[in-house]
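One structure is given here, and the rest of the page talks about it.
Residue numbering restarts at 1 for every chain, and letters A, B, ... go by the order of the sequence lines.
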Amino acid sequence: DTAVSQTPKYLVTQMGNDKSIKCEQNLGHDTMYWYKQDSKKFLKIMFSYNNKELIINETVPNRFSPKSPDKAHLNLHINSLELGDSAVYFCASSQFGRAEETQYFGPGTRLLVL
Amino acid sequence: AQSVTQLDSQVPVFEEAPVELRCNYSSSVSVYLFWYVQYPNQGLQLLLKYLSGSTLVESINGFEAEFNKSQTSFHLRKPSVHISDTAEYFCAVSGAGSYQLTFGKGTKLSVIP
């Protein structure tokens with residue numbers, strides 16, 4: 001069984017559209033994250049939720065809105081997609097969100113905005 | 001604030017040769033240090049981490065890293081690389097009391113047969 005799963009794996013869409021990426025973890029973890037990896041492989045935290053509560057919200061356009069219906073799911077909704085949103089988006093989770101914990105990553109969603 | 005510098009963006013090395021991937025960090029608090037590996041078209045997975053105690057930490061597949069507080073470094077080494085080690089390697093740091101993991105820009109290790 002996949003520990004952290006994301007859907008879809010690939011997403012190709014037009015500028016201006018709205019899209020969502022879903023993430024689920026079956027590890028029983030309390031904390032989930034969204035990261036953006038750009039074309040140069042640089043990985044940057046976007047959001048973090050602990051038990052459905054937002055705890056990290058980096059400088060991200062408000063077109064990006066995370067939603068956590070329960071602690072096993074953290075979805076990412078993106079409004080009015082722009083060319084610069086093209087990237088790989090990774091979901092991750094950790095047990096309690098403590099600094100020393102290992103984070104477990106999903107396989108990534110490759111978003112291409114045309 | 002914390003940051004990570006990976007000095008080499010690409011490291012080509014011949015199979016069975018040794019390799020060192022360099023990582024330096026800065027932080028105003030005590031740190032935890034991590035190396036994650038990303039194989040092609042996959043997510044990241046933990047290779048090894050330093051939390052406290054012995055400054056030398058090892059992974060199950062032959063990599064090791066040494067925490068050097070005075071030089072603020074956490075370099076990753078392997079005495080003999082395999083083709084299967086070809087991947088992107090990310091050094092990361094988190095600080096005590098912080099939720100946030102800060103990544104370096106990654107080093108692409110290419111093992112040449």
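Looking only at side-chain heavy atoms (C-beta outward), B:Leu44 and A:Gln103 stay at 4.5 Å or farther from each other. The shortest side-chain heavy-atom distance between A:Gln37 and B:Gln38 falls under the 4.5 Å cut-off.
Both A:Tyr49 and A:Ile21 sit in one connected hydrophobic cluster of ILVMFWY residues. Membership requires side-chain heavy atoms under 4.5 Å apart, directly or through other members.
Contacts of B:Lys105 with chain A are made by both backbone and side-chain atoms, with heavy-atom separations under 4.5 Å. For a residue to count as touching a neighbouring chain, one of its non-hydrogen atoms must lie under 4.5 Å from one of that chain's; by this rule A:Lys44 does not touch chain B. With a 4.5 Å cut-off on non-hydrogen atoms, A:Leu43 touches chain B through its backbone and its side chain both. Heavy atoms closer than 4.5 Å to chain A are found in the side chain of B:Glu88, but not in its backbone.
In terms of heavy atoms, B:Gln100 sits closest to A:Ile45 at NE2-CG2, 3.4 Å. Across A:Phe42 and B:Phe103, no two heavy atoms sit closer than the pair CE1-O, 3.8 Å. The shortest non-hydrogen separation linking B:Ser94 to A:Ala99 is OG-O, 2.6 Å.
In the displayed structure, A:Glu53 atom CD is contacted under 6.0 Å by at most 12 heavy atoms of other residues, nucleotides or ligands. Counted within 6.0 Å of CD1 on B:Ile60, heavy atoms from surrounding residues, nucleotides or ligands total 12 or fewer; the atom is thus considered open. By the neighbour-count criterion of 12 heavy atoms within 6.0 Å, atom NZ of A:Lys71 is densely surrounded, having more than that number from other residues, nucleotides or ligands.
Distance check, rounded to the nearest 0.5 Å: OG1 of A:Thr102 to OH of B:Tyr36 gives 5.0 Å. A distance of 12.5 Å separates OG1 in B:Thr107 from NZ in A:Lys41, rounded to the nearest 0.5 Å.
Interface summary for chain B: among A:Tyr104, A:Phe96, A:Tyr35, the most heavy-atom pairs under 4.5 angstrom belong to A:Tyr35.
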